[in-house]
Amino acid sequence: MVLDPVRGGRLASWTVDGQELLVGAPDDVDASIHWGCFVMAPWPGRLAGGRFEWRGTTIRLRQTHGRHAIHGLTWNRPWTVESATADAATLSIELPRDEWPMGGRVRQRLEVTRTGLRLDAEIEAVEPMPAALGWHPWFRRRGDPRLRVDADRLQVTRGMVPTGAVEAVEGRTDLRAGPRLGVRRLDLAYVAARSPVVITWPDLELRIAFEPSPAPLVVYTPAASICVEPLTATPNALALAPAMRRSAGVRILAAGESLRAGMTLAWHAVDTPSGY
């Protein structure tokens, strides 16, 4: 496991038996959202227009993805390494008050085990604030993997932003049986997905367990990678009316309170490639 504290405190590389599982950085300076595995905080996913209302004030954020703000404020900033050993590390970052006037702190811990990785993250409030978080791993496809997601509903989107409507999974969006991805190019926000998600490559199976569960889960499958993103709130939840945010998963933290979540990536070898 290789960490990059400077470029978003992200997991930059993870190899199992010599196989790289993550999409790597294109160069030594790239700090984009397109590689590694990083924490999304204090909100995950797209935030329409890069703004939301908070206690009578419009909070305006940098538009980092077209007209929208995306994946929070920590993926392209340096983190502080609080501790590091051969098999674990703890990193933290202060939320920038020029964009997030409420302030706050995000802390994450990563640990290597014999059969995988354990990732924990928390948002600590110093003033009252809304909060949500998630992870964004970019796994390499490596052939035609299977993907199993235990969810029967997903958000309806327009222009890649959720409309607030929900529909049942069907056909290519139904991943409950663990189908091969093939030519599916998905960018979906599942509702109330249940842990774990399972990715099966010809030689390796990866179980992605997450807490809390059930939880919102984004699946993005471009041609060369797979993103499985467990979240504590749906994408664009901060842009909802304040009365609707709690049902979308947003936590309203008082000063001194924290929001915590965890993810475990556990692998085992697949003995018979023909049956994967």
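Computed over heavy atoms, backbone and side chain alike; hydrogens, waters and symmetry mates excluded. None of these values were measured; they are calculated from a predicted model.
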Are side-chain heavy atoms of [X] and [Y] found at a separation under 4.5 Å?
X: L240; Y: F52; value: no
X: L217; Y: F210; value: yes
X: L110; Y: L117; value: no
X: L231; Y: M40; value: yes
X: H68; Y: L47; value: no
X: I208; Y: W135; value: no
X: T232; Y: P212; value: yes

Counting only heavy atoms not in [X], do more than 12 sit closer than 6.0 Å to its [atom1] atom?
X: R185; atom1: CZ; result: yes
X: R51; atom1: CZ; result: no
X: R176; atom1: CZ; result: yes
X: D27; atom1: CG; result: yes

Where the side chain of [X] meets the backbone of [Y], is there a donor-acceptor pair that is under 3.5 Å apart?
X: N236; Y: A48; value: yes
X: R184; Y: R172; value: yes
X: T115; Y: A266; value: no
X: W201; Y: L21; value: no
X: R7; Y: D30; value: yes
X: Y220; Y: W138; value: no
X: Q108; Y: G9; value: yes
X: W43; Y: P130; value: no

Nearest 0.5 Å, what's the [atom1]-[atom2] distance between [X] and [Y]?
X: I123; Y: L133; atom1: CD1; atom2: CG; value: 4.5 Å
X: E94; Y: L73; atom1: CD; atom2: CG; value: 13.0 Å
X: E122; Y: E257; atom1: CD; atom2: CD; value: 12.5 Å
X: M102; Y: W54; atom1: CE; atom2: CH2; value: 6.5 Å
X: D87; Y: T113; atom1: CG; atom2: OG1; value: 9.5 Å

Open item on the list: When you compare the side chains of R118 and T264, does any donor N or O come within less than 3.5 Å of an acceptor on the partner?
Closed with: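 Their side chains do contain a donor-acceptor pair, which is all the 3.5 Å distance test asks for.
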- [ ] Any chance you could lay out the side-chain contact (heavy atoms from CB on, under 4.5 Å) test for T221 and R141, step after step, and finish with the verdict?
- [x] CA-CA 9 Å; T221 61; R141 278 221 181 200; 3.4 Å; yes
Open item on the list: Can you tell me how the ring of H71 sits relative to the ring of F38, calling it parallel under 30°, perpendicular over 60° and tilted otherwise?
Closed with: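 Aromatic pair H71/F38 classed tilted.
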- [ ] Determine, for W35 and R10, whether the Lys NZ or Arg CZ falls below 6.0 Å from the six-membered ring centre while staying within 45 degrees of the axis.
- [x]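 Yes - R10 lies over the ring of W35, closer than 6.0 Å to its centre and within 45° of its axis.
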Open item on the list: Check this for me: does any side-chain nitrogen of one of R77 and E99 sit under 4.0 Å from a carboxylate oxygen of the other?
Closed with: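 E99 and R77: salt-bridged.
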Open item on the list: Would a single hydrophobic cluster contain both W267 and V112, if residues Ile, Leu, Val, Met, Phe, Trp and Tyr are joined by side-chain heavy-atom contacts under 4.5 Å?
Closed with: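 Yes, it is one cluster - the side chains of V112 and W267 are joined through contacts under 4.5 Å.
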Open item on the list: Quick check on the hydrophobic clustering: are M244 and V250 connected, directly or via other members, by side-chain heavy-atom contacts under 4.5 Å?
Closed with: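 No: no chain of side-chain contacts under 4.5 Å links M244 to V250.
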TODO: Would you please test R97 and E127 for salt bridge (charged side-chain N to carboxylate O under 4.0 Å, His left out) and show each step?
DONE: CA-CA 11 Å; R97 282 188 178 266; E127 297 178 11; 3.3 Å; yes
Open item on the list: Pair D120, R260 - check side-chain contact (heavy atoms from CB on, under 4.5 Å), show working.
Closed with: CA-CA 7 Å; D120 292 280; R260 298 180 178 88; over 6 Å; no
- [ ] Check the pair L265, L119 against side-chain contact (heavy atoms from CB on, under 4.5 Å), reporting the backbone distance first and the verdict last.
- [x] CA-CA 8 Å; L265 308 176; L119 298 89; 4.2 Å; yes
Task: Chi angles and distances behind the side chain to side chain donor-acceptor pair (under 3.5 Å) call for E20, T15 - done: CA-CA 4 Å; E20 176 62 66; T15 56; 5.6 Å; no
